[in-house]
Amino acid sequence: MGRKVILTAINAKYIHTSPAIRSLRANAGKYAADVELCEYTINHRREEILARLYERAPEAVGFSCYLWNIEYVISIAADLKKVLPELIIAAGGPEVSYHPEEILKKFPCIDVIMVGEGERTFREYLAWLNEDGTPERLGDIRGLVYRHRDERTGAVTVRRTPARPGMDMDELVFPYNDFAGLEHRILYYESMRGCPFSCSYCLSSIEKNVRRKSLEKTMGELDFFIRRRVPQVKFVDRTFNCDAVSSYRIWQYIRDHDNGVTNFHFEIGGDLLREEDLALLRTFRPGLLQFEIGVQSTNPDTIRAIRRTTDLERLRENVVRIRRGHNIHQHLDLIAGLPFEDYDSFRRSFNEVYAMRPDQLQLGFLKLLDGSFMNEVKEDYGIVYSERPPYEVLSTKWLSYSEVLRLKLVEEMVDVYYNSLQFTAVMAYLVRRCGSAFDLYYELGEYYRAGGLFDRKHSRLDRYEILWEFCMERYGAGEEQREDIRELLTYDLFCRDYVKNPPSFVRPRADGIRETVRRYLEREVRPGGTLSEDYAGMTTGQLYHMLYMDLFAIDMELAAETGAIKKSSPVYLLFDYRKRDPLDHSAAVRPVPLETIV
C-alpha cells in the first residue's frame, strides 16, 4: 500500500463536480487506489474542511486552485500545515500556474506546484513519492515548481523543471468510471484541449494548439453518460464547434442516442454555425442541447482590441434562427469593462444582444487573470481592478467606477427579471414602453436601490409585488395601462405555478367564474374528456393544484413575443403544470373556447 494522498476540490456549488481531480486520479495508474477525492463548496466552513482533511491523516494533499476558491485554499492549506507539519501540500490549476515561483515565495505552506496539464506529472510525482523520495530525482519530473533544500548548506531555492508537452487526448483515462454519488450532479467533460482563438482576457488562448480526442473515443464516453441517464453534461471545450466536422458528428451522435433525459451544454461560436449545422439542430428534442455563446461586445473597436473575430450579423441571424426552433436553450454573454467600451457603447451592446432574445443574458465584468494578455497591457488601457479574487475591473479609461456601479444594478435586475424566465410577458411589454431594455433594467435597479430593497431577502412572490409597485409608479398612469400590467403580471405568475395566496395585484375570481371552472374540470376529466388522459380519476381538489383557469382579455402569446398589447374578447386560459416547456419550465397554456365551458 502506498502513501495516502488526498486530492481536494472546493467547488462553487454542491451540484458542481471537479473534473480536474477525477482526471488526475483516473490517470494515476497503479497509484490510483491510494488517492482519495474530497469535494467541498465555498459554502462549507473552513474549520469544517480543515477538520475533515486532518482526520483522514494524509501524507500529501493536492488542491485544485481557481478564482472562486483560491482564498479558501490558501487559508485551509496554511492551517493544515500547522497541524500536520510533515504534510506535503501540492497545488495546481490556473490560479497558481502562471507565476508559480511567486506563489511559493508568498505562501510557505505550499511545497510544490504542478504547472499545466497534470495527469502525467501527477502520476510521476506519485511514483517519486512512493518509490524514491530523493530531492535529486524530483527534478527529473517535468511540469513542477518546488522548493529545494541544499543538504550541505541548508539553503532553500525554488526550482522549475522543463515544461511538459500536452499529451495525446486518446491516452486520457475516462474520469467517471467511479460514478458513485454523482447521479444527480452536473458532470463536466472535455473532448478537446486548447483554443484556436486568442481572446486577450482568456487563459484558454494561451494554448493555441487544439488537441481533440478521436470521435470514436468521444462517442464511447458520451455513451457512458447516456446509458446512466445523467441529468446534465457540460462540455468544457472552448469554442466546441471550431472544428465543424467533429462538432457536427458529435451532435449527430447525441441526437441519435437521446435517452429523453440527459442535457448537453456546449460553449460555441455562434457565427461559426453552418447551414447544415442549423438544419441538424432543428431536429433535436427540446431541452437536449443548450448553447453558451460569448458575444462580449458589439463595438467593432472593442472586438479588435480583445483579439476576437466575430461576424456579428451572422451570429445574430443564427441566434434568431435557433430561437425560432424553440428547442435549444441559448445563453449569451456580455463583458463590461473591455477596452474602448464606454457606458453608452455598452448600453448599445446590451440592447443589441437583448434584441436577439436569448433565454439567458449574462452581464459579466472583466477579470484580470494572471497569465492573460489583458493583464499584461492593463496599464495601456487604464484598467483598475480589485486586488482580491476574482480581480474584477473597477474602472478603465472609458468607464468610471460610478458607471460600473450603475452596470451592477442592471446586472442584478437582469438576473432577477429576465434570466429567471418568470416575467416574460410583462418585461416584453415594459421594454416596448420604455424603448430601451438597458434603460428599463437600470430604472428598476435604481428603484431597488432607492427603496433599500437590495438589503432584504425576497421571495418569488415579493419580486412580483415589487415589480407591480414599480410599474404603478413609472408606467401605470392610466386605468387602461394599470389593467394591462395587472393582467400581464397575473399571466406570468400563473405560468410558473399555481399560487394559492396570490399577490395583491391579482384580482379574485368572481364566484361565477370559480363555479364555471369547477364544472368544466369535473366534466373534462371524465372518460372522453380533454383532460381524461392525464387526470382521470382525480378529485376537483387535486386538480386545483395541477391546473389553473381564468379569463384573460389580452393576446398573451403576442405580448410575450413582442410586448404588444392586442385586446380581444375575454378567453379562458388553462395552465397545465404537469406539462411544462422544457426550455423555460413554464406551464403549458392553451385557450379553452367559451362554447366548451358552458
Side-chain angles (χ1 to χ4, degrees), residues 12-13 15-17 19 66-68 186-197 199 201-205 210 222 225 230-244 246-248 250-251 254 262-273 277-278 281 284 286-298 303 306 308-312 314-323 325-336 338 349-350 352-354 356-367 369 390 411 414-415 418-421 582-585:
K13 296 179 181 179
I15 197 170
H16 296 171
T17 53
Y66 297 90
L67 277 176
W68 63 82
I186 296 172
L187 301 189
Y188 295 87
Y189 177 76
E190 58 181 351
S191 69
M192 72 181 195
R193 288 179 177 173
C195 181
F197 302 109
C199 303
Y201 51 82
C202 179
L203 296 180
S204 297
S205 64
V210 175
L222 293 182
F225 300 126
V230 172
Q232 185 175 55
V233 176
K234 282 196 172 185
F235 276 65
V236 296
D237 304 350
R238 298 302 181 210
T239 317
F240 171 76
N241 61 327
C242 63
D243 179 342
S246 294
S247 60
Y248 185 93
I250 291 171
W251 284 335
I254 287 172
T262 303
N263 163 267
F264 291 89
H265 174 105
F266 299 90
E267 179 186 315
I268 69 165
D271 57 331
L272 301 180
L273 292 170
D277 296 325
L278 294 168
L281 295 174
F284 278 70
L288 176 55
L289 297 187
Q290 64 184 50
F291 289 158
E292 181 175 351
I293 301 173
V295 183
Q296 319 313 7
S297 172
T298 63
I303 294 297
I306 62 176
R308 285 177 70 88
T309 54
T310 303
D311 184 338
L312 186 61
R314 181 67 183 272
L315 185 149
R316 179 184 290 110
E317 178 188 350
N318 288 345
V319 167
V320 170
R321 289 174 67 179
I322 290 173
R323 187 182 181 280
H326 197 72
N327 64 333
I328 296 174
H329 175 102
Q330 295 185 98
H331 173 130
L332 270 56
D333 295 332
L334 284 171
I335 298 179
L338 295 174
S349 290
F350 180 95
E352 287 185 54
V353 174
Y354 191 93
M356 299 179 199
R357 299 190 62 203
D359 297 287
Q360 289 192 312
L361 171 55
Q362 179 175 320
L363 195 172
F365 291 80
L366 176 66
K367 296 168 179 58
L369 304 181
E411 176 196 30
V414 168
D415 224 30
Y418 186 81
N419 291 342
S420 67
L421 303 173
L583 298 191
D584 63 18
H585 309 295

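- Put simply, the side chain of Leu315 reaches to within 4.5 Å of the side chain of Met356, judged on heavy atoms.
- In summary, the side chains of Asn419 and Gln360 do not present any donor paired with an acceptor at a separation below 3.5 Å, with no hydrogens or angles considered.
- With sequence neighbours excluded, the residues forming a salt bridge (charged side-chain N to carboxylate O under 4.0 Å, His left out) with Arg323 are Glu561, listed by chain and number.
- What you find for Ile254 and Phe284 is that their closest heavy atoms are CG2-CE2, 4.4 Å.
- Although no hydrogens or angles enter the test, the distance criterion places no donor-acceptor pair under 3.5 Å between the side chain of Asn241 and the main chain of Ile268.
- Pairing each heavy atom of His585 with each of Pro582, the nearest pair is CE1-O, 3.8 Å.
- Classification of the His329-His331 ring pair by plane angle, with boundaries at 30° and 60°, yields tilted.
- One finds the OG atom of Ser297 at 8.5 Å from the CD atom of Glu352 (value rounded to the nearest 0.5 Å).
- Using cut-offs of 30° and 60° for the angle between ring planes, the Tyr189 and Phe235 rings count as perpendicular.
- From Gln290, atom CD reaches atom CG of Asn263 across 4.5 Å, with rounding to the nearest 0.5 Å.
- Counting heavy atoms from C-beta outward, Pro390 and Phe365 have side chains that stay 4.5 Å or more apart.
- What you find for Gly269 and Thr239 is that their closest heavy atoms are N-CG2, 4.0 Å.
- For Tyr418 and Tyr354, the ring centers are positioned less than 6.0 Å apart.
- You'll find the side chain of Phe266 stays beyond 4.5 Å of the side chain of Asp237, heavy atoms only.
- Gln330 contributes a side-chain N or O that, together with a main-chain N or O of Val319, makes up a donor-acceptor pair within less than 3.5 Å.
- A distance of 12.0 Å separates OG1 in Thr310 from CZ in Arg316, rounded to the nearest 0.5 Å.
- Within the 4.5 Å cutoff, the side chain of Ile322 has heavy atoms near those of the Leu273 side chain.
- Legend: residues meeting ring pair (Phe, Tyr, Trp, His ring centres under 6.0 Å) with Phe291, ordered by chain and number and at least two apart, are Trp251.
- Looking only at distances, no side-chain donor or acceptor of Asp271 sits under 3.5 Å from a matching main-chain atom of Arg314.
- Proximity of Ser246 to Met192: side-chain heavy atoms (C-beta onward) are nowhere separated by under 4.5 Å.
- Taken from CG in Leu288 to CD1 in Ile328, the straight-line distance is 8.0 Å, to the nearest 0.5 Å.
- The two residues Thr309 and Ile303 have their closest heavy-atom pair at N-CG2, 4.4 Å.
- Between Glu292 and His265, the side chains place a donor N or O and an acceptor N or O closer than 3.5 Å (distance only, hydrogens not considered).
- In this structure, the separation between CG on Leu332 and CZ on Arg357 is 13.0 Å, given to the nearest 0.5 Å.
- When all heavy atoms of Thr17 and Ile186 are compared, the pair lying nearest together is OG1-O, 2.8 Å.
- Proximity of a side-chain donor or acceptor of Thr262 to a complementary backbone N or O of Val230 within less than 3.5 Å is detected.
- The salt bridge (charged side-chain N to carboxylate O under 4.0 Å, His left out) search around Asp359 returns none, not counting sequence neighbours.
- Contact of the Leu312 side chain with the Val295 side chain is registered, since non-hydrogen atoms from C-beta on lie closer than 4.5 Å.
- Taking 4.5 Å as the limit, some side-chain heavy atom of Asp333 sits within range of a side-chain heavy atom of Gln296.
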Next item on the list: May I have the step-by-step check of side chain to side chain contact (heavy atoms under 4.5 Å, CB included) for Lys234 and Tyr188, ending in yes or no?
Entry: CA-CA 5 Å; Lys234 282 196 172 185; Tyr188 295 87; 3.8 Å; yes

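- You'll find the side chain of Tyr201 stays beyond 4.5 Å of the side chain of Leu369, heavy atoms only.
- A distance of 11.0 Å separates CG in Asp243 from CG in Leu272, rounded to the nearest 0.5 Å.
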